[in-house]
Number of protein chains: 2
Amino acid sequence: MATDPRYRQIAEDLREQIESGELAHGTQLPTELELRERYDASRNTVRDAIKLLIARGMVETRPGQGTFVVEQIIPYVIMVKPETGSGLGEGANYASEIEAGSRKPKESVPRVEVKLATGVIASELQLQDDSEVVSRHQQRYIDGTPYSLQTSFYPMSLVEQGAVRILQAAEIPEGVVTYVREVLGKKQVSWRDKITVRTPDANEANFFRVPDDGRIAVFETFRTSFDESGEPLRLTVTVYPTDRNQFVVNVGEVPPKQQAPDGQASDRKQPE
Amino acid sequence: MATDPRYRQIAEDLREQIESGELAHGTQLPTELELRERYDASRNTVRDAIKLLIARGMVETRPGQGTFVVEQIIPYVIMVKPETGSGLGEGANYASEIEAGSRKPKESVPRVEVKLATGVIASELQLQDDSEVVSRHQQRYIDGTPYSLQTSFYPMSLVEQGAVRILQAAEIPEGVVTYVREVLGKKQVSWRDKITVRTPDANEANFFRVPDDGRIAVFETFRTSFDESGEPLRLTVTVYPTDRNQFVVNVGEVPPKQQAPDGQASDRKQPE
DNA sequence: GGGTATTTGTCCGTATGTATT
DNA sequence: AAATACATACGGACAAATACC
């Protein structure tokens, strides 16, 4: 068997030190020059090893300071399906999807635009390509840290039928879904969530304060909501960083979970 | 404003060519030497630009051949919640979670082990640390390509109560859940799914045939199933590559989706 | 604020190895 | 076997960010 390249050997050695706890979370690694001497390799080779650990999300570099083992992140929990009993079709205030606790959600004033539906938007809302839709975009924070970017798309027909407040660039306190139900009698009775993962674009990387080199992916969720007649009411596209979020779906009456800080990932199994 | 480093400028230029369709999916980029001349930069700088595009999942390199724009992948759709009407608690045969069509699922013979529960496993199954659990591990394929790695953990108490076939290293055609219901009368009435994303370990990267540098993440899902008394029956941990899978959750009566190949991601919105 | 030392980031040139055709 | 193209590794120079005095 071929021996691993030098930079992989070095990365492997550092990885073991990190996983064994020898290098604790948040502590600084030896500098590149020290590692260069320790492993008797060139600085560039050491840097290649570090790049590998960065790609695996184990360390981060801070120019002028050094290289550090990343801190553990306690993930936010996103409930896809509300607890049974809380009833469907609320979901206007996203605070309900956040685990209770000391966490304080905050959201920006929506930016409202009228656009032409294309691609996924048209297809999910079952509209012709280039139909008009209203787009409402918000940035959301928890405890001051960027949490998600969300854009909801509504068919323009809702506005034409009288739900004009959808066009207002202001929060709709009772929620758009409640508003549409009150004005038009259209009730959201079901939805489909699609959860995908991709690399963030430059804007998203900037907002979430993650590196813009694609090494931290984002969840992109598509929620298409339907009324009783099966007609799509809206499409909500939400983007979350994968490094601090997880989704939970409850099916049936699930017993409440006693809070455990949820240690590390499971020990994994090898395919023979 | 500071100008971007050369390698980012080059990456940006190539990115635009790819996204504009000038460089179609599957086509070869100019070689490093050609790019070196075109951009009047060193080969190492060109390589840094390509590394950025690799991290973003836009291109791949093949030694001896060249650098290519990655092909579009048509994702598999994983249904988290079965269509209403299909009843809960089947889910033994995972084929049901795959979209119908020409796709042929296949799974390996389970590897069965008795282990001590630790961390998440103990906590999800509400067992003491170091209690015994039965682990059943399988590799699953669709159309011959690696699809997921799955390990289910069962409390040893199920075996002690008489469900001895859980220990057999062979498929249980009717499904373990059905078997447990028939033998012990314990019925799976609910479950909780947790969906997270992380980088694959070496074994997973090898099985899924993705690069082992962490640039393609995996979904790791935890499904904890409960019986009528709220007692955990099993924990199933499944790992899927994020580059070819997506999750769909239906809540309420969702109208069937007319099949559209689901073009590109939504056009994204900028945080002011 | 300024100056200096430390540390990582960028960019270059070169040589050699390995995979593929 | 030869040619091509990417992978690894080295060494060097300077820039940029940070911390400290």
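Values below: every heavy atom of this structure, side chains too, minus hydrogens, waters and symmetry copies. Lettering of chains follows the sequences in order, A, B, ..., and the numbering in each one begins at 1.
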In whole angstrom, give the distance that lies between atom [atom1] of [X] and atom [atom2] of [N].
| X | N | atom1 | atom2 | value |
| --- | --- | --- | --- | --- |
| A:Tyr7 | D:dA9 | OH | P | 7 Å |
| A:Leu33 | C:dT6 | CG | C1' | 9 Å |
| B:Asn44 | D:dA5 | CG | P | 17 Å |
| B:Glu32 | D:dA7 | CD | C1' | 9 Å |
| A:Tyr39 | D:dC10 | OH | C1' | 19 Å |
| A:Phe68 | D:dA17 | CZ | C1' | 13 Å |
| B:Lys51 | C:dC11 | NZ | C1' | 12 Å |
| B:Gln65 | C:dT20 | CD | P | 7 Å |

- Determine: side-chain N/O of B:Thr67 to OP1/OP2 of D:dC6, distance under 4.0 Å, yes or no. yes

- Presence of A:Thr45 side-chain N/O under 4.0 Å of D:dA9 phosphate oxygens OP1/OP2: no

Would you indicate which nucleotide in [options] comes nearest to any side-chain atom of [X]?
| X | options | answer |
| --- | --- | --- |
| A:Thr31 | C:dT7, D:dC6, D:dG12 | C:dT7 |
| A:Arg6 | D:dA9, D:dT18, C:dA19 | D:dA9 |
| A:Pro5 | D:dA9, D:dG11, C:dC12 | D:dA9 |
| A:Thr61 | D:dC6, D:dG11, C:dT8 | C:dT8 |

- Task: Indicate, with a heavy-atom threshold strictly under 4.0 Å, whether A:Arg36 touches base, sugar-phosphate, or nothing.
- Result: sugar-phosphate

- Task: Indicate, with a heavy-atom threshold strictly under 4.0 Å, whether A:Arg47 touches base, sugar-phosphate, or nothing.
- Result: base

- Message: Both A:Pro63 and B:Glu34 contact DNA chain D. Taking the nearest nucleotide for each, which residue is further toward the 5' end?
- Response: B:Glu34

- Message: Please compare A:Gly64 and A:Ser42 by the position of their nearest nucleotide in DNA chain D and report the one closer to 5'.
- Response: A:Ser42

- Are A:Glu34 and A:Arg38 within salt-bridge range, i.e. N to O under 4.0 Å? no

- Task: Answer yes or no: is there an ion pair linking A:Lys51 with A:Asp213, defined by an N-O contact shorter than 4.0 Å?
- Result: no

- Does any N or O donor sit under 3.5 Å from an N or O acceptor when you compare the side chain of B:Arg43 with the base of D:dA7? yes

- Polar side-chain atom of A:Thr196 near backbone of A:Glu220 as donor-acceptor pair, under 3.5 Å: yes

- Query: Would one find more than 12 heavy atoms of other residues, nucleotides or ligands at under 6.0 Å from atom CZ of B:Arg36?
  - Reply: no

- Regarding B:Arg6 and the six-membered ring of B:Tyr39, is the cationic atom NZ or CZ under 6.0 Å from the ring centre and inside 45° of its axis? no

- Who pairs with D:dA9 - Watson-Crick or G-U, where each distance is under 3.5 Å: C:dT14

